[in-house]
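Notes follow once the structure below has been shown.
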Amino acid sequence: MFKPALIIHGGAGSIHRSNLPPHLYAKYHTSLQTYLRDTHTLLNTGTPALDAAVHAVSAMEDDPLFNCGRGSVFTRSGTIEMEASIMVTSLHPDHQNPQFVKRGVGVMGLKKVRHPIQLARECLLRYESGACGFEGSMHSQLNGEFVEGFAEDWGVEVMDPEWFFTMKRWEEHLRGLCPSSSSSPSSSSSLNGFSNGSSGGFSLESEGGEYLSQGTVGCVCLDQWGNLAVATSTGGLTNKWPGRIGDTPTLGAGFWAETFDKPFSSDTSVDSDVECDGYVLVGEKVGTKRAVAVSGTGNGDSFLRTAAARTACAMLRFDGGVLSLGDAVAAVAGPGGELQRSAGGRWGSGEGEGGIIGIEVVGAGEGDGGWGRVVFDFNCGGMWRAWVEDDVERIMVFREPY
Ligand code: ASP
């Protein structure tokens, strides 16, 4: 009944032409195009939104270009602490379906799982204590060793620390701790032993002038049945404090999904061309429901301070039916928006920088078809994003083509 839609992001930040040479752009383009195509094919052949979004993010967690899974950045203590989240909503939720019981989960402080997003998915779907012991919970945020201890029993792959070591991230880590340092560890064995108490900002540019990815990833999908899913995964910020929890696993900050009644829901049976939230829906019925899902990337502490993801969705829900999701995302993550304003005089230091992607379901009357309007905005140099609109693939990093 619904035309599938999807959008992926691969991080936002201080990305400029001067630090993004063509060969690096080409790598991102190839990766994003591959994951976009695969996921679009899955959606078009009947894969539910939850599984499609997890598929896209799992692929990015294996790609060291992105700051998640294998390509995760290091904490200031030289450890890896990954975070991920998943959230679903639906125009027509089947409340017997486990994914709609809990709706959203964040996992954090992960050091071993190859695909943090798959652990988040299991935490979403497992919500009851089973006869054989603890098999799940209704908790919405789960941290560290305890939850990671279930990974293998739940079929989620666990890797040795070496899997997560990439020289590029290690060098970023060292450069951030001591900006003049050019030293590198002789082997990955120093990964867990490395400790340095110094603090320090970090440069977003390598010595070669290339952009250093902040690189959190996210995917928002609409499937054929009107289900929306959002999946997000990150290693966090380079040289974050150990134990720091960011926006990515925090409901309402780095991700959100919800369905709500349209404010003018009494009119559910208009059968001709109608105007709905600024869109003319040709031959559609106006539905009673509206559904949105968003994923953020950028300075997570700012996303937390502004509850960025839910703020954008709540603007639609409570505004009386005037705004589109595109308007709301721009008001939060666009130039001069809420995230930028939250940085105040610190704007320019990285604080407040970021972007949001999302999908708003349009024309979703009970029993009628609908489609997903893809939206995004960002307030910084660039945001890696790839989406399908009217069956045309788009891959961009800046506002204008590369
Ligand atoms: N939002 C992530 C964090 O602060 C980082 C990013 O999106 O680049 O952990």
Side-chain angles (χ1 to χ4, degrees), residues 7-15 19 28 57 60-61 63-69 71-76 79-85 106-110 116-117 120 141 143 168-169 172-173 176 201-205 211-220 230-256 294-312 329 332-333 338-340 342-343 346 349-358 376-385 397:
I7 179 165
I8 293 170
H9 73 69
S14 183
I15 316 171
N19 58 16
Y28 278 93
V57 169
M60 295 170 97
E61 287 175 336
D63 184 339
L65 267 186
F66 300 101
N67 170 18
C68 58
S72 290
V73 299
F74 290 90
T75 68
R76 63 188 269 180
T79 52
I80 295 276
E81 295 185 8
M82 300 175 285
E83 305 178 326
S85 59
V107 287
M108 61 209 82
L110 307 177
I117 199 64
Q141 287 192 289
N143 177 42
K168 178 173 169 245
R169 296 297 186 205
E172 289 171 16
H173 161 66
F202 60 94
S203 164
L204 290 172
E205 295 195 4
Y211 157 68
L212 299 180
S213 174
Q214 292 173 316
T216 291
V217 306
C219 177
V220 184
V230 50
T232 312
S233 183
T234 191
L237 294 177
T238 300
N239 292 340
K240 66 184 181 180
W241 283 24
R244 177 263 193 181
I245 296 165
D247 59 317
T248 299
T250 305
L251 286 92
F255 70 102
W256 189 256
V294 297
S295 169
T297 175
N299 186 309
D301 299 301
S302 301
F303 277 73
L304 284 161
R305 283 194 275 273
T306 56
R310 178 79 209 294
T311 295
V329 164
V332 173
E338 190 62 15
L339 278 165
Q340 180 170 339
S342 76
R346 292 178 302 282
S349 66
E351 189 168 334
E353 285 190 5
I356 293 179
I357 62 167
F376 53 80
D377 211 339
F378 53 97
N379 60 22
C380 46
M383 175 167 70
W384 291 106
R385 58 206 189 276
V397 58

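In listed order, ligands and their atoms are each counted from 1. These numbers were taken from a predicted model, which means no experiment stands behind them. Residue numbers run from 1 in the order of the sequence given.
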Audit row: Ser295, Thr232, side-chain hydrogen bond (donor to acceptor under 3.5 Å, both in side chains) steps and yes/no: CA-CA 7 Å; Ser295 169; Thr232 312; 2.9 Å; yes
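- Those atoms of ligand 1 with a heavy atom of Leu237 less than 4.0 angstrom away are 4 (O), 5 (C), 9 (O).
- A heavy-atom separation below 4.0 Å is not found between Asn67 and ligand 1.
- For ligand 1, the atoms lying closer than 4.0 Å to a non-hydrogen atom of Asp247 are 1 (N), 2 (C), 3 (C), 4 (O), 9 (O).
- Residues passing the salt bridge (Lys or Arg N to Asp or Glu O under 4.0 Å) test with Glu338 are Arg341, sequence neighbours excluded.
- Taking CG of Asn67 as the reference point, atom OG1 of Thr238 lies at 6.5 Å (rounded to 0.5 Å).
- The Gly236 neighbourhood of ligand 1 comprises atoms 9 (O), with distances under 4.0 Å to a heavy atom of that residue.
- In terms of N/O distances under 3.5 Å, ligand 1 is not approached by Ala12.
- Close approach to Thr297 involves these atoms of ligand 1, each under 4.0 Å from a residue heavy atom: 6 (C), 7 (O), 8 (O).
- The contact set between ligand 1 and Thr216, taken as ligand atoms under 4.0 Å from a residue heavy atom, comprises 2 (C), 5 (C), 6 (C), 7 (O), 8 (O).
- In summary, the side chains of Thr248 and Thr234 do not present any donor paired with an acceptor at a separation below 3.5 Å, with no hydrogens or angles considered.
- Counting only non-hydrogen atoms, the option in Gly246, Gly298, Gly354 that gets closest to atom 1 (N) of ligand 1 is Gly298.
- Figure legend: cation-pi geometry between Arg385 and Phe376, with NZ or CZ positioned under 6.0 Å from the six-membered ring centre and within 45° of its axis.
- Pairs passing the salt bridge (charged side-chain N to carboxylate O under 4.0 Å, His left out) check and including a residue from residues 232-246, sequence neighbours excluded, read Arg244-Asp301.
- Residue contacts with ligand 1: Arg244 is included, with a non-hydrogen atom under 4.0 Å away.
- Classification of the Phe66-Tyr28 ring pair by plane angle, with boundaries at 30° and 60°, yields perpendicular.
- In this structure, Gly11 falls outside the shell of residues with a heavy atom less than 4.0 angstrom from ligand 1.
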